[in-house]
Amino acid sequence: FKGDHAAERHFRLSPDLKPTYDVVIIGAGGHGLAAAYYLATRHGITNIAVLDKGWLAGGNTARNTTIVRANYLTPEGVAFYKESVDLFRSLSNELDINVMYTERGHFTLAHTDAAMNTARWRAEVNKHMGVSSEVIGPDDVKRICPTINVSDDVHYPIMGALYHPPGAIARHDAMAWGYAKEAARHGVEIHTQTGVNRILIENGRAVGVETNRGTIHAGRVLQAVAGSSSVVANMAGLKLPIRTIPLQACVSEPVKPILDQIVVSGSLHVYISQSARGEMVMGGATDAYGLYSTRSTLDFKESLMAHMLELFPFMGELKVLRQWAGMADMTPDFSPVMGLTPIENFFIDAGWGTWGFKATPVSGLRMAECVATGRQPDLLKPFALDRFGSFDLVGEKGAASVGH
Ligand code: PYC
């Protein structure tokens, strides 16, 4: 962990790599750390190494816009994210760290008849599944969120919104530190600066990994490397139906509290919330082309701000403070890929596109179950890799930041 100061403050450094672990997890981001924590605490498996080529939670865990919600469109997606929201609610207590989970209310604005129809469809599926969502008109949008501009005097007037009161934000790095420190307290080893170069397969079963620090034997191997999923799966000989595309975001300078809610426009491809320290956290759609690069572009900022200023004229007073990008592993149906693979003892947690942060607790819990039992948990059955062979897709039009 040399130089990994956040980690050093929370738990003692891991010793040298051992030659053998029961489970090796590739990826020390939120998902990998959560899986390690639940393997240790729910299944008593503690001889685990979590490996990362970089530093603790330095990938998409550090690069998302921290939105948590369960208002998806498919029953499979709603059930999955509902469990995640339930887990988020008690996470600060469970991990003994303040993950700053705050329920703010979440709007998905509609500016067209088609978007209003989708909002109604989502509201009905949500209510049927026990998730609080309803369609409201512009007057109610304005009543709940007074800073928003609902006038007709804009390019795309607001016709209504899907309103989801449980929509929340959380402190992303506190989540990772919390899972890391509690996993380490139960004996899990976390090794950063430890890149995996090869996954060792013998007779159709994973038996270990080759790293820049030597070879490790493993009873089971789980990859949880959002943004590099295809690259790592390829080391095991798997070709994933994933395209990796940059997803850009930015924050403004901090100001005093002015926006309580999370506001998303699927049609305009923008979203905004105000963080606990006062920054406006904003993002747009995925870039128009596949690329492995976390560079930022002026183009993104210009198109984001054009819409943002119409929705929130006060934004004209604010300066952009930071801009960055994450790597979104996009699947053809906008749903994740989780669970068993054709390789025995090799498990995958991938395809996190623009929807991964909010799944951190549930993916950790259910992937731990999958790795521990060797069976696909019921909640993950719709998201199995083999759905692409049987064309049994989960078309998730409730995914954000993507053109549907
Ligand atoms: O799924 O809510 C979401 C989201 C917002 C930004 C990226 N994904």
Side-chain angles (χ1 to χ4, degrees), residues 29-31 59-74 76-78 80-85 88 101-110 115 118-119 122 125-126 131-133 161-170 172 175 226-227 244-251 259 261-275 279-287 294 300 303-304 307-308 311 323-331 333-336 351-363 383 394-404:
H31 285 218
N60 285 345
T61 303
R63 294 166 184 278
N64 64 85
T65 45
T66 78
I67 296 171
V68 179
R69 60 187 176 91
N71 61 349
Y72 277 76
L73 176 70
T74 61
E76 297 87 344
V78 176
F80 179 73
Y81 286 104
K82 182 176 186 297
E83 184 166 298
S84 211
V85 167
F88 263 108
Y101 182 70
T102 47
E103 299 201 350
R104 302 287 199 89
H106 180 287
F107 295 103
T108 308
L109 302 177
T118 308
R122 277 169 75 177
V125 175
N126 285 193
V131 167
S132 168
S133 285
L162 177 70
Y163 180 50
H164 175 53
I169 55 173
H172 45 27
M175 302 250 311
T244 300
I245 306 180
L247 177 62
Q248 301 190 48
C250 62
V251 292
L259 178 65
Q261 292 76 24
I262 302 151
V263 180
V264 178
S265 168
S267 316
L268 306 184
H269 296 300
V270 297
Y271 41 92
I272 181 169
S273 65
Q274 187 171 21
S275 76
E279 298 167 344
M280 297 295 163
V281 183
M282 295 167 277
T286 51
D287 285 358
T294 51
F300 154 76
S303 65
L304 175 72
H307 293 309
M308 216 44 109
L311 290 174
Q323 195 184 344
W324 69 92
M327 304 309 311
D329 284 338
M330 304 302 299
T331 54
D333 60 358
F334 306 101
S335 288
W352 286 109
T354 65
W355 41 87
F357 171 72
K358 71 177 78 61
T360 305
V362 68
S363 72
F383 306 120
V394 189
E396 186 45 87
K397 291 194 168 51
S401 342
V402 284
H404 287 294

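Counting starts at 1 for both ligands and their atoms, following the listed order. What you see is a predicted model, and the numbers here were worked out from it, not measured in a lab. Position 1 is the first residue of the sequence; numbering continues from there.
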Identify, chain by chain and in numerical order, each protein residue with a heavy atom under 4.0 Å from an atom of ligand 1.
Thr65, Ile67, Arg69, Tyr72, Tyr271, Thr354, Lys358, Ala400, Ser401
With Glu83, which residues qualify under salt bridge (charged side-chain N to carboxylate O under 4.0 Å, His left out), at least two apart?
Arg366
Closest non-hydrogen atom pair, Ser133 against His164:
OG-ND1, 3.3 Å
Sequence-distant partners of Thr108, side-chain hydrogen bond (donor to acceptor under 3.5 Å, both in side chains), two or more places apart:
none
Determine the interplanar angle of the Tyr101 and Phe88 rings, folded into 0 to 90°, and report it as parallel if under 30°, tilted if 30 to 60°, perpendicular if over 60°.
parallel
Kindly write out the residues that satisfy side chain to side chain contact (heavy atoms under 4.5 Å, CB included) with Ala119, not counting sequence neighbours, or none if the list is empty.
Val135, Leu162
Expected output: side-chain Gln261 to main-chain Val263 donor-acceptor under 3.5 Å
no
